[in-house]
Structures are given as C-alpha cells and as structure tokens.
Number of protein chains: 2
Amino acid sequence: MTAPADPLIAEAAALIGDPTRARMLGVLMDGRARTAKELASLAGVSAPTASGHVAKMTAAGLVSVATQGRHRYVRLAGTEVAELIERLMTFAGVARPAVRPRTAAEAAFREARTCYDHLAGRLAVELVAALVARDLLRRGHDGFEPTLAGERWFRARGVDVARARCSPRAFARCCLDWSERRDHLAGALGAALLAALVDGGVLARRKDERTLDVTTMGRRFFAEEVGVPAARAAERTGVPA
Amino acid sequence: MTAPADPLIAEAAALIGDPTRARMLGVLMDGRARTAKELASLAGVSAPTASGHVAKMTAAGLVSVATQGRHRYVRLAGTEVAELIERLMTFAGVARPAVRPRTAAEAAFREARTCYDHLAGRLAVELVAALVARDLLRRGHDGFEPTLAGERWFRARGVDVARARCSPRAFARCCLDWSERRDHLAGALGAALLAALVDGGVLARRKDERTLDVTTMGRRFFAEEVGVPAARAAERTGVPA
DNA sequence: CGAAGGCTTCGGCCTTCGTCGAAGCGTTTT
DNA sequence: AAAACGCTTCGACGAAGGCCGAAGCCTTCG
C-alpha cells in the first residue's frame, strides 16, 4: 500500500503540469492579481481556454478569484502555492543545469525578481546575508528575527515592523531561492520590505514580469547601505510585449 | 513574458501528475531501492507500463536506476525530489482538509513514517521539539546543529555524528512535515538517526510501506528518553498485501 | 434603453499519452 | 546448452483533456 495522499498530489501536480497553466502560475508568481483576459493573452491562449483553466485551478485551491464588477481578478491562493512552485523551480534547476543565464533578460531575472510578494534573486540573498552579518537580522527558531538595531533599520526604510508582526501570516519566514539556492526573506516582513523598496524608488517592477529593475538610486542603496554591489540594470532585451 | 523556467516546471509537474507515477514515487519515498517489477505490482500496472514510466522519470532526473545483473534497482534521485513531493503533500493536505485520518493505517502513517531516508510524522516533530527543549539540538544558520551534549546523546544511541558531518550531503537540514506542518530532522544526521533507531529495535519498517511501527521497546524509548508519549502501535489493518 | 465589453458555457476537433499483449534481448540458473 | 527470468521495445487501442469558435449571461457605459 502506498501513502494515502498520493492521488491528491497527482491531482495537484497534474494541474501545474499543463504548460499553459504553468505559464499562468508563473505570471501570478509576482503576487499581483490579473483579470482572466490578461492571463489569457499572457499565456497565449483564447479567453474560453483561460477561463476553463482558471476554473480548474480555483477548484483545486491553487488560485482564488475575486469578482469586481464585470472583471474577475485572479491571484495565487496563498504562500503555500508560491512556495510549492518555487520548490518546483529548484528541482527543475537542479535536474536541468542547462538553465544557465543566456539572455540578458534571464540574467536580470536572476539578479532581482519578486517571489509572490517578497524580493528574490541574487540581490535578495545578498541583502539578507549582509543584514545578518551586521547583526540587524538573526536566524531564529522559525525563520528570521530582526534585532533591535534591525528594527530601526527596517523602520528607517519605511517598513512598518510592528504591523508586519501583527499580521496573521508568518512574520519573517526564510524561503529557499531557486536560482541562488540560499535563503531569502519571506513572510510579512519580506512583503513589507519589498513594498517599501518599490515605493521608495529603489526597485521598479516591469510591466508583465516578475523581474525587478534596480534604479540608479537603487544601486546606491544596495552599495552604500548594505554593501552589496548591484549589477548594472540589465538591458530590457528580449521583452517583446 | 513569463519566467524562463516555466516550461521546465510544467514538465516536472506533469511527470508527477500521472496517478501511476505518483504511486511509484510514493512507494520510493521510503528511500529504499525497488526493482522495476516490484514497482509495477505496487503501482498496479503491467511490467511494460512500469518500464516506460521509469524511463521517463529517469530522463527527467526524478529517479535514478542502478543495473545489477538482470535486475534494475530504482530509487529517488535525491533529497530535492523527496522535498518536492513532501511539499506537494503539504499543499494537497491544505487544499483538501478532508484528509483527516479515518483508517487505523492512516493514523499510524501520520504517527511515524519515513520521509526518504529519515523519520517523519508526529513522533519525528515531537522528538525534535524535545531535543531542542533539552538543548541537545539547536536551530542553526542553515538547519539544525547538535550541542556538545547533543552529540553525546546521538552517539549513545548509535549515531555516528562525525561520519554524518563528513557526508557530502547537508548535515542536519530541517524538513517540513506535511501532516504535522512542523519541522523534523533531515539530512545526513536525520538519516543516521533513523537507521540507528531501526537497527536498535525502536522502530520497525513495514514491508511495502513508509509507515513505521513503534516496538514495545520503542515506546519506552520515546517515553523515558525523550519524554514523548508514543501512541500504541496501530493495528495493521487495511493492509491487504 | 441599447451597445459594448468581460467572462462563461457548449459542442466538436484533435493531439497526447497511458495501457496492455506479444515479441526480442541479455543475464542467470540448471 | 537450454530454460527461466527480468526487463525493454513495438504496435495498436482507447480514454482524457486541451483547444477554439459560436453563442449566451451579466455588468457597465453612453
């Protein structure tokens, strides 16, 4: 006899296993909500097809939809889904070492991107390492924990630490970065930090991607404040529409 | 544009998404190697079908095969695969709360089982919690780290800590338990501990399952040594062959 | 109130892929 | 050497499911 959960994992995996649905989930990995039509065009299928996929993924708990007027906004159902997909990327990256950055777009993607609602990529793991090295952040019993000086650091950058701590979700989880294979900061604190960095003009979201661009101000931020040299913002090549 | 890794994750997920292959992977989750024929009968398909599945999973890096005479032994390719499947179970368990233990076999499965090559289930997370509470084990910067007293504790139970530390794989990772949703001990140390507990007659492997039975001696072990009350060994019901 | 836009349902086409029996190859045993 | 065994390849069958166009529902806008 095999584990009772096997049929269930097959169901979930089969759902992610369709290329079109995988593309949709990849789009949603930036944490933003999308209308069904956007998803359709971004995934390269017709509206009816996309609608069917969204229905299936909703039933399985992969995504959730919110109706607003004549629009239906689709987003990932939660962090568990984002973590699952990130883990799949980790495996795919290990199994296929051929995925070395070839294009400038991919290099930029590995440099800085969103992972659901927080920052990921080389800059993210370097930032965490620097914060730990300066004793602003410590690895706690279940994720990270900022020190007193660390809380000041976060607040000075516009992060409402107290509010993040009150959040119903985990405060400061660690999340395995699939391209770097090291931990970065997730949880409510990670989400708040990303929001603050974007609001503060340190990072800029691209239109339809998870890739983040480091602004000129951002390069100064990472170099001076954290001691992490940020690569020159990659050319926006290979990004048709 | 979407993440460059999306097609790859779809490929991997689609592979796990087939019910038969999921059953095979579930069987292999105990870390033991199986012949193709064993896998076929355990998954309930013919030999040719199983052979095709094994070939596909091998090409994708999910499993690895070792030819020995006229036998071909199949095992999981590595811990990344085990972690990925465990994560899928976590999601499936969340999305479908209907997976409450109904049968005695399932209850036993949640009590103690193998996760690839280490111990998982309620007993595993309780054991780790007790070890941490007694300061025999600490959460380190990347997984766990036994204290000096902890190393003595492990050695006294027949675990070769020094050898585990020299292992090429991670020494003492933490691994999220899908049924308990708390961390248990993985990595080389976790594998060595499971081996020692089985060798020492504390736990007994079932024939074709991941479920572990706690022996009479084992109940004393968990109660006295660690302060974790082990449930009575579940009846071996619902286990046809 | 009619037109327009977003989304879903329906019907049908088509590809993909899991499945097995039969046959073939290589190893082990007698 | 012959027989037994484990495994794979081949060929064919059939079910599952992704895909789209047309049509219909609902909300919003003019």
Side-chain angles (χ1 to χ4, degrees), chain A residues 2 6-28 32-77 208, chain B residues 2 6-28 32-60 62-75 77 208:
Chain A
T2 140
D6 288 350
L8 291 176
I9 78 162
E11 194 179 329
L15 230 41
I16 308 178
D18 175 72
T20 301
R21 283 191 294 257
R23 271 195 302 275
M24 290 178 167
L25 291 170
V27 167
L28 294 174
R32 282 179 282 195
R34 302 284 190 172
T35 66
K37 191 170 200 175
E38 277 181 313
L39 278 184
S41 82
L42 288 171
V45 292
S46 70
T49 302
S51 176
H53 286 315
V54 169
K56 279 176 186 162
M57 292 194 288
T58 305
L62 280 170
V63 302
S64 62
V65 297
T67 304
Q68 224 171 74
R70 58 183 168 185
H71 296 275
R72 300 197 68 189
Y73 288 98
V74 183
R75 58 173 64 232
L76 288 193
D208 287 330
Chain B
T2 142
D6 287 350
L8 291 176
I9 80 163
E11 194 180 328
L15 230 40
I16 307 176
D18 175 72
T20 301
R21 283 192 293 259
R23 269 196 303 273
M24 290 179 167
L25 291 170
V27 167
L28 294 174
R32 281 181 281 194
R34 301 283 191 173
T35 66
K37 191 172 201 174
E38 278 180 312
L39 277 184
S41 82
L42 288 171
V45 293
S46 69
T49 302
S51 176
H53 285 316
V54 169
K56 280 177 184 159
M57 291 194 287
T58 305
L62 279 170
V63 302
S64 61
V65 295
T67 304
Q68 224 172 73
R70 58 181 169 186
H71 296 277
R72 299 198 68 190
Y73 289 97
V74 183
R75 60 171 65 232
D208 287 329

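Everything quoted here is computed from the prediction, not taken from an experiment. Chain letters run A, B, ... following the sequence lines, proteins first and then strands; every chain starts at 1.
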**Student:** Measure all distances between protein nitrogen or oxygen atoms and nitrogen or oxygen atoms of nucleotides 9-15 of chain C, and list the pairs falling under 3.5 Å.
**Tutor:**
none

**Student:** Could you list the residues that satisfy side-chain hydrogen bond (donor to acceptor under 3.5 Å, both in side chains) with A/R32, not counting sequence neighbours?
**Tutor:**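 With neighbours one apart ignored, the set is A/D30.
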**Student:** So, does B/R72 get its side chain near the phosphate of C/dT27, meaning an N or O under 4.0 Å from OP1 or OP2?
**Tutor:**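 False: B/R72 side-chain N/O out of range (4.0 Å or more) of C/dT27 OP1/OP2.
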**Student:** Donor-acceptor pair, distance only, cut-off 3.5 Å: does the side chain of B/T58 make one with the backbone of B/V54?
**Tutor:**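 Yes; at least one donor-acceptor contact below 3.5 Å.
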**Student:** So which atom in A/A22 and which in B/I9 form the shortest heavy-atom distance, rounded to 0.1 Å?
**Tutor:**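 So the minimum-distance heavy-atom pair works out to CB-CG1, 4.3 Å.
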**Student:** For D/dC19 and A/H53 - does any side-chain N or O of the residue sit under 4.0 Å from the phosphate oxygens OP1/OP2?
**Tutor:**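 True: A/H53 side-chain N/O within range (under 4.0 Å) of D/dC19 OP1/OP2.
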**Student:** Does D/dC25 have OP1 or OP2 sitting under 4.0 Å from an N or O in the side chain of A/R70?
**Tutor:**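 It does not, given that no N or O in the side chain of A/R70 lies less than 4.0 Å from OP1 or OP2 of D/dC25.
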**Student:** Is B/S46 near enough to C/dG21 that one of its side-chain N or O atoms lies under 4.0 angstrom from OP1 or OP2?
**Tutor:**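 Negative; the distance criterion is not met.
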**Student:** Give a yes or no on whether the backbone of A/L39 and the side-chain of A/R34 come within a donor-acceptor separation of less than 3.5 Å.
**Tutor:**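 Here the side-chain-to-backbone pair does not exist.
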**Student:** Look at A/K56 and D/dG18 and indicate whether a side-chain polar atom (N or O) is within less than 4.0 Å of OP1 or OP2.
**Tutor:**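 For A/K56, the contact criterion (side-chain N or O under 4.0 Å from OP1 or OP2 of D/dG18) is met.
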**Student:** Could you give the distance from CE (A/M57) to CG (A/L76), rounded to the nearest 0.5 Å?
**Tutor:**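 The CE atom of A/M57 sits 9.0 Å away from the CG atom of A/L76.
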**Student:** Who does D/dG30 pair with, Watson-Crick or G-U, both distances under 3.5 Å?
**Tutor:**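 Its partner is C/dC1 (Watson-Crick or G-U wobble, both distances under 3.5 Å).
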